[in-house]
Novice: 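Handing you this structure, nothing more for now.
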Amino acid sequence: MIETPTEPMTAAAARRTALAAQGFADARPSGPPTRRHLRRALSRVRLLQLDSVNVAVRAHYMPLFARLGAYDPALVDDAAWSHSASKPRLLVEYWAHAASLIPVEDWPLFRWRMRHYETHWYVRDIAEKSPGLVDDVLTAVKELGPVSAGALETALGGGAPRAKGGWWNRSDVKHVCEWLFATGELTTGTRRGFQRFYDLPERVVPADILNAPPVSDDEAARRLTASAAIAHGVATEKDLRDYYRLTPASSRQAVAELVEDGQLQPVAVEGWRDTAYRHAEARTPRKITGRALLCPFDPLVWERSRTQRLFDFHYRIEIYVPEPKRVYGYYVFPFLLDGDLVARVDLKADRAAGTLRVQGAFLEPGHSPAPVAAELAAELHTMAAWLNLDTVTTTTRGDLAPTLAAAL
């Protein structure tokens, strides 16, 4: 049983602890970020969520920009989708928080989830309808990989045009590929234009990791929870559970064991209803300085109730909200300034026009527009240059828009 909290913690201290854990207490590199800087940032965030939306920038690139500033996206591409003797692969794709890039050494910690998908995905019905399809896909990937699902359809005789749409319109071959990916029998060898090219794990994951001794389900949950605690600094059990989407039972057991082991310290955070847990090595700086734009899938803010607790910042993604009903916009970035979320901007990269478009800019209550707009304008110009866009423009939408337009 998890013990009663023994140490109080102010809300401000919890916020600074969380920001430091995510790398926001570190100054951005003074020169071009290198693979060493990438490794350090990854040691903080632990994983990068993947998402197909590209209205501004792909989700897995933006958290590193928020922490490192303008860096070469090839650092991530090389780390995730290529490898050589001089640059071994650092990341591999799997279902972690959601579809994510995780450190290759964490691959064995998800065997329990792979086994879960073996028995719970309905692709078994496809296998029963089309005996041999799973084996045919694996054989084709072995011969052709890395290979796209479309190329596999053609190779296996299923290349007829298909209607566009959701999951229900995908081919049986695509279903099988996704199932084999989930069960760990396939992984992503590379991506081109964000399209996944499947390959065998033995050609992607280093042999010493792929063939490592089995990790028990309890040990995997414990190690993933410890990793989540490093990324959070201080967090509730539900926060820790959400980082890798563990089951409630395995998460609670892992937290209890980590408390007993001394890796987690129960704390009572001011204003938080639930018990929180501070990682034994977490830092609590006296102050946080600097600025950053956070995409909707940044690990600092992706758990919305935690964002509310830490920053008193109500944040929801409105992609699926009909446009007339959106409050702030389609793809909104919170703006972090000196340890607080002070504004939010709806951003779109208009690549044809070479412009980063601010489609709405909104100031949080209690902050002065002029200094916030000045810092936000500077960060938007940095982001535009990073995205190879020439200009930044803004509409009149939002209470911060006029001041931001003047600052830009």
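Keep in mind it's a predicted model, so treat the numbers as computed, not measured.
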Novice: To the nearest 0.5 Å, tell me how far L90 CG sits from E105 CD.
Specialist: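 The distance works out to 8.0 Å.
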Novice: Testing the 3.5 Å rule here: is there a donor-acceptor pair between the side chains of S305 and E303?
Specialist: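 Yes, E303 and S305 have a side-chain donor paired with an acceptor closer than 3.5 Å.
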Novice: Evaluate the side-chain contact (heavy atoms from CB on, under 4.5 Å) criterion for residues T355 and V392: first the C-alpha distance (whole Å), next the side-chain angles of each, then the deciding distance (0.1 Å), finally the verdict.
Specialist: CA-CA 6 Å; T355 298; V392 182; over 6 Å; no
Novice: Should R357 and L347 count as side-chain neighbours, where that means a heavy-atom distance under 4.5 Å?
Specialist: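 Heavy-atom side-chain distance check fails, nothing below 4.5 Å.
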Novice: Is it the case that T284 and R278 place a side-chain donor and acceptor less than 3.5 Å from each other?
Specialist: yes
Novice: Name the atoms and distances for all side-chain donor-acceptor pairs under 3.5 Å in residues 362-371, with sequence neighbours left out.
Specialist:
unit_1 : atom_1 : unit_2 : atom_2 : d
E364   : OE2    : R344   : NE     : 3.2
E364   : OE2    : R344   : NH2    : 2.9
H367   : NE2    : D340   : OD2    : 3.4

Novice: For V234, does its backbone N or O pair with a side-chain atom of H232 as donor and acceptor, under 3.5 Å?
Specialist: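 Side chain of H232 to backbone of V234, a donor-acceptor pair under 3.5 Å: no, none is there.
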Novice: Do any side-chain atoms of residues 286-293 form donor-acceptor pairs under 3.5 angstrom with protein atoms, and if so which ones, sequence neighbours left out?
Specialist:
unit_1 : atom_1 : unit_2 : atom_2 : d
R291   : NE     : E379   : OE1    : 2.9
R291   : NH1    : E375   : OE1    : 2.7

Novice: Measure the shortest side-chain to side-chain distance between L48 and P63 over non-hydrogen atoms and say whether it is less than 4.5 angstrom.
Specialist: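 Yes; the side chains approach each other to less than 4.5 Å.
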Novice: Calculate, to the nearest 0.5 Å, the distance between atoms CG and CD belonging to L310 and Q308 respectively.
Specialist: 10.5 Å
Novice: Nearest 0.5 Å, please: how far is CG in L356 from CZ in R351?
Specialist: 9.5 Å
Novice: Check whether S82 reaches the backbone of D78 with its side chain - one donor and one acceptor, N or O, closer than 3.5 Å.
Specialist: yes
Novice: Between D298 and R67, is the closest basic N to carboxylate O distance under 4.0 Å?
Specialist: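 Between D298 and R67 there is a salt bridge, with a charged N closer than 4.0 Å to a carboxylate O.
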Novice: Given 3.5 Å as the limit, does a donor-acceptor pair link the side chain of W112 with the main chain of L109, or not?
Specialist: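 A pair under 3.5 Å: yes.
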Novice: As an exercise, state the distance from CG of L200 to OG1 of T187, rounded to the nearest 0.5 Å.
Specialist: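 Answer for the CG-OG1 pair, L200 versus T187, is 10.0 Å.
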Novice: Begin with the C-alpha distance, continue with both residues' side-chain angles, and end with the deciding distance and a verdict on side-chain hydrogen bond (donor to acceptor under 3.5 Å, both in side chains) for T275 and E237.
Specialist: CA-CA 8 Å; T275 300; E237 180 273 321; over 6 Å; no
Novice: Is a side-chain donor or acceptor of R89 paired with a backbone partner of S84 at a separation under 3.5 angstrom?
Specialist: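 No; zero donor-acceptor contacts below 3.5 Å.
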Novice: With no hydrogens and no angle check, do the side chains of T225 and Y244 hold a donor and an acceptor under 3.5 Å apart?
Specialist: no
Novice: Is R115 paired with D217 through a side-chain N to carboxylate O contact shorter than 4.0 Å?
Specialist: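 Looking at D217 and R115, the cut-off is met.
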Novice: Test of understanding: with ring pair (Phe, Tyr, Trp, His ring centres under 6.0 Å), list the residues that count as partners of W302, not counting sequence neighbours.
Specialist: H97, Y243
Novice: Checking ring-ring contact (aromatic ring centres under 6.0 Å, His included) between F110 and each of W95, F181, Y94, which is the one that passes?
Specialist: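 Only one of W95, F181, Y94 forms a ring-ring contact (aromatic ring centres under 6.0 Å, His included) with F110, namely Y94.
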Novice: Is a side-chain N or O of D261 found less than 3.5 angstrom from the main chain of L258, in a donor-acceptor match?
Specialist: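 Absent.
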Novice: Ring centres under 6.0 Å, that's the criterion: do Y331 and F333 meet it?
Specialist: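 Yes - the distance between ring centres of Y331 and F333 falls below the 6.0 Å cut-off.
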Novice: Any salt bridge linking R196 with E178? Criterion: basic side-chain nitrogen under 4.0 Å from a carboxylate oxygen.
Specialist: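 Yes, charged N to carboxylate O under 4.0 Å.
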Novice: Taking the side chain from D72 and the backbone from L75, do they hold a donor-acceptor pair closer than 3.5 Å?
Specialist: no
Novice: L91 and I102: side-chain contact (heavy atoms from CB on, under 4.5 Å), yes or no, with the steps?
Specialist: CA-CA 5 Å; L91 300 166; I102 61 172; 5.9 Å; no
Novice: Can a salt bridge be assigned to the pair D26 and R40 using a cut-off of 4.0 Å between side-chain N and carboxylate O?
Specialist: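 Yes, this pair counts.
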Novice: What ring pair (Phe, Tyr, Trp, His ring centres under 6.0 Å) pairs are there with at least one residue in residues 369-408, not counting sequence neighbours?
Specialist: F65-W386, Y71-W386
Novice: Please determine if R191 and E93 form a salt bridge, counting it only when a charged side-chain N lies under 4.0 Å from a carboxylate O.
Specialist: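 Salt bridge flag = yes for E93 with R191.
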Novice: The criterion is salt bridge (Lys or Arg N to Asp or Glu O under 4.0 Å); which residues satisfy it with E318, sequence neighbours excluded?
Specialist: none
Novice: Which is it for V173 and L133 under the side-chain contact (heavy atoms from CB on, under 4.5 Å) test, yes or no, and what are the steps along the way?
Specialist: CA-CA 8 Å; V173 171; L133 178 56; 4.3 Å; yes
Novice: Going by the rule salt bridge (Lys or Arg N to Asp or Glu O under 4.0 Å), which residues pair with R245 if we only count those two or more places apart in sequence or in a different chain?
Specialist: D242
Novice: Determine the minimum heavy-atom distance between A361 and L404, stating which atoms define it.
Specialist: CB-CD2, 3.8 Å
Novice: Does the pair R113 and Y117 meet the rule for a side-chain contact (heavy atoms from CB on, under 4.5 Å), with working shown?
Specialist: CA-CA 6 Å; R113 180 163 286 161; Y117 284 132; 3.5 Å; yes
